[in-house]
Chemist: 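Take this structure first; my questions come after.
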Number of protein chains: 2
Amino acid sequence: MSREKLHTEVRRDQLTDATLAVVADHGLRGLSLAAVARRVGLTPSAIYRHFPSKDAMLDAVLERLRERLHGAIAAARAETDDPVEALRRLLGRHTLLVRHNRALPRMVLSDDYHLGHPERRQRLLGVFSGYLDGVAGIIRQGQRDGSIRSDVNARSLAILFLGLIQPAGVLWTLSDGRFDVTGQARAAWPVFEQAIRAPAPPRARAARPPRSRRTPS
Amino acid sequence: MSREKLHTEVRRDQLTDATLAVVADHGLRGLSLAAVARRVGLTPSAIYRHFPSKDAMLDAVLERLRERLHGAIAAARAETDDPVEALRRLLGRHTLLVRHNRALPRMVLSDDYHLGHPERRQRLLGVFSGYLDGVAGIIRQGQRDGSIRSDVNARSLAILFLGLIQPAGVLWTLSDGRFDVTGQARAAWPVFEQAIRAPAPPRARAARPPRSRRTPS
DNA sequence: TCCGGTTGTGAATACACGTTCACAATAAGC
DNA sequence: GCTTATTGTGAACGTGTATTCACAACCGGA
C-alpha cells in the first residue's frame, strides 16, 4: 500500500470520488468497501478512519450528486433570462452531467440505496423534489411572463421535462454508452419546446384546464 | 412446511410470482432465495428442483415482465385504429401496469440485474427495444396517415413517450405510492398529444428536419 | 402392488462482505 | 525532542448468501 498518511478531508474526497467510480463501473450492487479502498490505495479498514460506516459514505456521495444537480440548474438560470432558453440549456447541462457521471442514474434510480431505510428514501425523494422545484421555478417564471402555457401546472411540466432525459439516460447506461443521449436530447427538445410554449397571444383560445375530461372507452 | 408436492410448472409459476412480490417489497438487493422460498412455503434448496439457479429464475421473471409489456402494446393497438388514441390508451395501460407491478420499474431500472452479465444487459436492452419498437410502430402508422408529425423520427418520439411514464414511475416508487402517477399521466398527455400531432394540413410549414442546427453557446 | 422418477428437506459448504480491534507508523503541537 | 492525536494495517469475527448433497416422502404408471 502507499502507506501515505493524508488528512481526513482529502481522504473523504478521494473516497467519495472512488465510490462514484466504482458505482459507475459496477453499480451499487457491486460497490464494496474493498473495491473503494483498492482504488485509493488503502485497506478496507482504513475507510473507517474517515467514515463511520459504508452508509455514511453513501450519504456523502449522494450529497455530492445533489450539489451537482442543483449546480446545473443554477448555472442554467444564471446564463439567461429567457425561461425557455434556460430549460434548453439545462437539458444540455443535465445530459452532460449524466454522461460524465455514469454513477448518477445508477445511484438515483437503483433502489438499493433507499430500500429498507425510510430516511434514505426521504433524502433521495428530497433530491428529486429539489431538482423538480428548480425546474418548476423556471417554468413558473415563463408562465408569468407569458412564454410558457399556463393551463398545465408547472410541476407536471417539470416532470415532463425530466422525461426528456431520464429514459435516454437509462438507455445510455443500458447500452453501455452506445446510445446517443445528446442526439436524442437534440431531437426531442424542439418537440418539447413547442409543446410548452404558450399559444400565440393574438388568437386567445379557450385555455381553460380540461377538468376531468373523460373520453368514452 | 406445507410438505405438499406440486408439479414443477405450478411451482415455477408460484416462484416467479413470489419473486415479483419480493422484489416489489424489498428490491432486487433484498431478493434472496430464502425470502422467495418462505413466500411459497418451501425451503431454499427446494427451489433448485425447479430452477437451475437464482439467475435462471430471474430470467424467467424478466420474460414474464416482457410479456406483460408487449401485451399492453398489443391490447392498445387492438382497441383502436387511431394511432394517437392507441398511444393514449397505451399510456393508461402502462401506468396501470406499473401500479400493479411495483417490481417492474425496480427490475428494469436497477442495474443489479444486468451488471457484470453482458448477456443479461443484452436481454434487458432487448426488452426496452422491443417496447420502443412497438410504440414506434404505432407512431409510424400515425406518420403515414398524417396524424403525427413526420419531421421527427418515430424512435425519438417513442422515447419521448416513455418519458411520459418513467419519471412518474420513479417518483411513485420513491414516494411509496403517494405520488399520483395517474394524475401526472392525465396532465401530461394533452401536452404530449399536441406536441406530436402533425401541424394542421392547410398551412404547410417548412418542416425540414433541422440538420445539426447549432446555436452559439 | 411395486418401482422409478419427482419433489421436498435439513445440514453442510464456500464465499463475500461490513465491521472491529490491537497495534504500528507518522504528523503536529508544546 | 517528547508527547499525543491522527492515520493506516492485518487479522479476526459474524452474518447473510447461493449452492450442493444425501436422504426421505410421495405420485404415477406398469
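In the text below, chain A, chain B and the rest are named by the order of the sequence lines, each starting its count at 1.
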Chemist: Please report the distance, rounded to the nearest Å, between CG in B/L6 and P in D/dC27.
Modeler: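 Taking atom P of D/dC27 as the reference, CG of B/L6 is at 10 Å.
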Chemist: Under a 4.0 Å N-O cut-off, is there an ion pair linking B/R121 with A/D176?
Modeler: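 Yes.
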Chemist: Got a sec? Which of residues 45-53 of chain B come in under 4.0 Å of DNA chain D, heavy atoms?
Modeler: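 Of all residues in residues 45-53 of chain B, the ones placing a heavy atom under 4.0 Å from DNA chain D are B/S45, B/Y48, B/R49, B/S53.
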Chemist: Does a sphere of radius 6.0 Å around CD in B/E67 hold more than 12 heavy atoms from other residues, nucleotides or ligands, not counting ones at 6.0 Å or beyond?
Modeler: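 Count over threshold, so yes.
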Chemist: Roughly, in whole Å, what's the span from CG in A/L33 to P in D/dT9?
Modeler: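 It works out to 14 Å between those atoms.
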Chemist: Report the distance from atom CG of A/L15 to atom P of C/dG18, rounded to the nearest whole Å.
Modeler: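 Rounding to the nearest Å, CG of A/L15 and P of C/dG18 are 13 Å apart.
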Chemist: Could you check how far CG of B/L58 sits from C1' of D/dT17, rounded to whole Å?
Modeler: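 Those two atoms, CG and C1', are 14 Å apart.
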Chemist: How many angstroms lie between atom CD1 of A/I159 and atom CD1 of B/I165, to the nearest 0.5 angstrom?
Modeler: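 A/I159 atom CD1 to B/I165 atom CD1 measures 13.5 Å (nearest 0.5 Å).
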Chemist: Please list residues of residues 20-31 of chain A whose heavy atoms come under 4.0 Å from any atom in DNA chain C, ordered by number; otherwise none.
Modeler: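 Hits under 4.0 Å, by residue number: A/L31.
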Chemist: To the nearest angstrom, how far is A/R38 atom CZ from C/dG18 atom C1'?
Modeler: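 Interatomic distance, CZ of A/R38 to C1' of C/dG18: 15 Å.
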Chemist: Is B/R68 paired with B/E63 through a side-chain N to carboxylate O contact shorter than 4.0 Å?
Modeler: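 So B/E63 does not pair with B/R68 through a salt bridge.
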Chemist: Around atom NE2 of A/H7, are there more than 12 heavy atoms of other residues, nucleotides or ligands at under 6.0 Å?
Modeler: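 Open: at most 12 neighbouring heavy atoms sit under 6.0 Å from NE2 of A/H7.
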Chemist: Give the rounded distance in Å between these two atoms: CD of A/E4 and P of C/dA27.
Modeler: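 For the pair A/E4 CD and C/dA27 P, the rounded distance is 9 Å.
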Chemist: Any ion pair linking A/R88 and A/E79 (charged N to carboxylate O, less than 4.0 Å)?
Modeler: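 Looking at A/E79 and A/R88, the cut-off is not met.
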Chemist: Output the rounded distance in Å from CZ (A/R11) to C1' (D/dT9).
Modeler: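 After rounding, the reported distance stands at 13 Å.
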Chemist: Determine whether the aromatic ring centres of A/H94 and A/F161 lie less than 6.0 Å apart.
Modeler: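 Centroid separation for A/H94 and A/F161: 6.0 Å or greater.
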Chemist: What is the separation between atom NE2 on A/H7 and atom P on C/dT26, rounded to the nearest whole Å?
Modeler: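 To the nearest whole Å, that distance equals 15 Å.
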Chemist: Will you find, in the side chains of B/Q141 and B/R77, an N or O donor that is under 3.5 Å from an N or O acceptor?
Modeler: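 A donor-acceptor contact under 3.5 Å links the two side chains.
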Chemist: Please list, chain by chain and in numerical order, all residues satisfying ring pair (Phe, Tyr, Trp, His ring centres under 6.0 Å) with B/F179, sequence neighbours excluded.
Modeler: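 Partners of B/F179 by the ring pair (Phe, Tyr, Trp, His ring centres under 6.0 Å) criterion come out as none, since no residue qualifies.
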Chemist: Would you indicate what A/K5 reaches in the nucleic acid, counting non-hydrogen atoms under 4.0 angstrom: base, sugar-phosphate, or nothing?
Modeler: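 Base, at least one base heavy atom under 4.0 Å.
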